[in-house]
Amino acid sequence: MPIQQSDVKYTAVATAEGGRDGRVATDDGKLDVVVNPPKEMGGSGAGTNPEQLFAAGYSACFQGALGVVAREEGADITGSTVTAKVGIGRNEDGFGIIVEISAEIPNVDAATARSLVEKAHQVCPYSKATRGNITVTLA
């Protein structure tokens, strides 16, 4: 169920200029980066790109969701990492993205790790936002 405006605790604000070949910055100045298309898409690759920014946000958010689930389950996820791979390519109406999420959780067995990742995928706000819109694979 979507949250209501009255439920919002924080709002991030970022402004882009120049699209994929320009700059993006947050209103508080904590993020201010040059963006350029990657070389694989004909760009200079000199700056970051929207897919890298999305991967960074998704992996951080998913790691937070994993922490919530682990606390509820009493699992030790100390030293864990989450990696998001965001791919972009052409589709029937322009471009689309796909995501692969993987987690390394050293202090639990493989079955527990898989269960934690699947549960985190159900509660992560990025996973909820993308569900039904793009392919997200849990690796």
Side-chain angles (χ1 to χ4, degrees):
M1 171 185 278
I3 67 170
Q4 302 300 312
Q5 186 61 41
S6 61
D7 298 323
V8 172
K9 303 290 186 221
Y10 169 76
T11 300
V13 179
T15 302
E17 52 186 72
R20 286 185 160 274
D21 213 353
R23 176 179 160 266
V24 65
T26 56
D27 64 338
D28 63 4
K30 292 182 180 179
L31 178 72
D32 189 340
V33 295
V34 171
V35 289
N36 300 115
K39 289 181 179 182
E40 296 84 350
M41 294 180 67
S44 70
T48 190
N49 59 65
E51 293 70 40
Q52 289 174 325
L53 295 169
F54 188 75
Y58 202 159
S59 62
C61 188
F62 200 96
Q63 179 76 43
L66 185 63
V68 168
V69 169
R71 280 189 294 283
E72 291 173 353
E73 302 278 324
D76 179 9
I77 64 162
T78 303
S80 65
T81 60
V82 172
T83 300
K85 296 179 181 178
V86 176
I88 184 170
R90 287 200 170 274
N91 63 12
E92 63 278 352
D93 54 355
F95 285 88
I97 61 171
I98 60 172
V99 177
E100 179 184 296
I101 298 286
S102 60
E104 294 292 327
I105 310 173
N107 297 323
V108 300
D109 61 66
T112 301
R114 181 70 183 178
S115 176
L116 291 170
V117 167
E118 288 173 355
K119 289 175 181 175
H121 187 48
Q122 296 306 308
V123 300
C124 173
Y126 274 62
S127 292
K128 288 179 180 181
T130 59
R131 192 166 288 123
N133 298 312
I134 64 172
T135 300
V136 177
T137 304
L138 303 177

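All values below come from the heavy atoms of this structure, side chains included, with hydrogens, waters and symmetry mates left out.
We find the CZ-CG distance between Arg20 and Asn49 to be 6.5 Å, quoted to the nearest 0.5 Å. Once rounded to the nearest 0.5 Å, the distance linking CD1 of Ile134 with CD1 of Ile97 reads 4.0 Å. Taken from CD in Gln52 to OG1 in Thr48, the straight-line distance is 3.5 Å, to the nearest 0.5 Å. For the atom pair OG1 of Thr11 and CG of Asp27, the computed distance is 9.5 Å after rounding to the nearest 0.5 Å. Interatomic distance, Thr137 OG1 to Lys85 NZ, rounded to the nearest 0.5 Å: 11.0 Å. The distance from the CD atom of Glu40 to the CD atom of Glu51 is 10.5 Å, given to the nearest 0.5 Å.
Here the closest non-hydrogen pair linking Val117 and Phe62 is O-CZ, 3.4 Å. Of all non-hydrogen atoms in Cys61 and Cys124, the two that sit nearest each other are SG-SG, 3.6 Å. A pairwise comparison of heavy atoms in Val35 and Gly19 identifies CG2-O, 3.3 Å as the closest pair. Between Lys128 and Gln122, the closest heavy-atom pair is CE-O, 3.3 Å. Contact between Lys39 and Ser44 at its shortest, heavy atoms only, is CE-O, 3.3 Å.
Although no hydrogens or angles enter the test, the distance criterion places a donor-acceptor pair under 3.5 Å between the side chain of Thr26 and the main chain of Leu31. Remark: the backbone N or O of Ala111 is not paired with any side-chain donor or acceptor of Ser115 at under 3.5 angstrom.
Residue-environment remark: CD (Glu104) stays at or below the threshold of 12 foreign heavy atoms within 6.0 Å.
When each of Thr83, Val86, Leu138 is checked for a side-chain contact (heavy atoms from CB on, under 4.5 Å) with Ile101, only Leu138 meets the rule. Checking Val136, Val69, Leu116 one by one against His121, the side-chain contact (heavy atoms from CB on, under 4.5 Å) holds for a single residue, Val136.
Note on Leu53: it does not cluster hydrophobically with Met41, by side-chain heavy-atom contacts below 4.5 Å among ILVMFWY residues. Using a 4.5 Å cut-off between side-chain heavy atoms of Ile, Leu, Val, Met, Phe, Trp and Tyr, with links allowed through other members, Val123 and Ile3 fall into different hydrophobic clusters. Under the 4.5 Å side-chain heavy-atom criterion for ILVMFWY residues, no single connected hydrophobic cluster contains both Tyr126 and Val68.
Between Leu66 and Ile105 there is a side-chain heavy-atom pair separated by less than 4.5 Å. For the pair Asn36 and Asp21, the minimum side-chain heavy-atom distance is below 4.5 Å. A 4.5 Å side-chain heavy-atom check between Thr130 and Tyr58 finds at least one atom pair inside the cut-off.
Between Glu72 and Lys119 there is no salt bridge, since no side-chain N of the basic residue sits under 4.0 Å from a carboxylate O of the acidic one.
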